[in-house]
Amino acid sequence: LAADDARRARGPLGVVVSAPPLKCLQMASRALAAVRIITKTGIIGGSVYLAYDQGLLGDGEQSCKVLNKVSVAVPEALDQWSKYFEVELPELPKPNVPVADYWNSGIESIVSFLSNAPTKLNEYTESGWQYIKKMTSSTE
């Protein structure tokens with residue numbers, strides 16, 4: 001009976017209120033974690049969909065068009081928001097990089113690395129094995 005009284009307390013209107021059981025707190029914690037994961041997944045998925053829908057994941061020319069659209073829209077939006085919040089923002093830098101020329105170079109580097117990875121891994125493993133053999137044979 002004393003343990004039962006320890007878990008109970010009087011609320012603001014004098015009503016007896018008991019502490020929530022541990023299982024409820026654990027379920028709420030798990031539900032909150034699930035909501036966070038679902039929210040993050042939705043944001044990532046939406047970002048990828050938006051990038052694909054706008055043509056950002058296309059070839060260099062298509063990406064250049066998207067970059068030009070964004071470079072026109074973002075300063076206008078920032079100007080409107082700065083007027084709304086009465087904040088003065090510094091001027092955005094103008095990119096002078098030919099995006100169409102450099103767009104796929106990163107992808108090509110990654111694909112080249114992945115295609116050469118098995119051969120390089122085999123070479124490094126073989127050289128490491130030879131080094132270990134050499135070190136162990138010299139100690140004998």
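To the nearest 0.5 angstrom, I43 atom CD1 is 12.5 Å from I38 atom CD1. One finds the CG atom of L121 at 12.0 Å from the CG atom of N116 (value rounded to the nearest 0.5 Å).
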Name each donor-acceptor pair under 3.5 Å that joins a side chain in residues 76-89 to protein atoms two or more places apart or in another chain, with its distance.
{"from": "D79", "atom 1": "OD2", "to": "K83", "atom 2": "NZ", "distance (Å)": "3.4"}
{"from": "S82", "atom 1": "OG", "to": "L78", "atom 2": "O", "distance (Å)": "3.2"}
{"from": "S82", "atom 1": "OG", "to": "D79", "atom 2": "O", "distance (Å)": "2.8"}

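Across all their heavy atoms, V70 and P75 have their closest contact at O-CD, 4.0 Å.
Take Q54 and apply the side-chain contact (heavy atoms from CB on, under 4.5 Å) test, not counting sequence neighbours, and it matches L50, K69. In this structure, the salt bridge (charged side-chain N to carboxylate O under 4.0 Å, His left out) partners of K120, at least two apart in sequence or on a different chain, are E123. Remark: Q130 engages E126 in a side chain to side chain donor-acceptor pair (under 3.5 Å) (not counting sequence neighbours). Residues passing the side-chain contact (heavy atoms from CB on, under 4.5 Å) test with A51, sequence neighbours excluded: L56, L57. Qualifying ring pair (Phe, Tyr, Trp, His ring centres under 6.0 Å) partners for Y49, counting only residues two or more places apart in sequence or in other chains: none.
Membership of the apolar cluster around F113 extends to I110, L114, as traced through chained side-chain contacts below 4.5 Å between ILVMFWY residues. Cluster note: V35 groups with no other residue, as no ILVMFWY side-chain heavy atom lies under 4.5 Å from it.
Not one N or O on the side chain of N122 forms a donor-acceptor pair closer than 3.5 Å with the backbone of P118.
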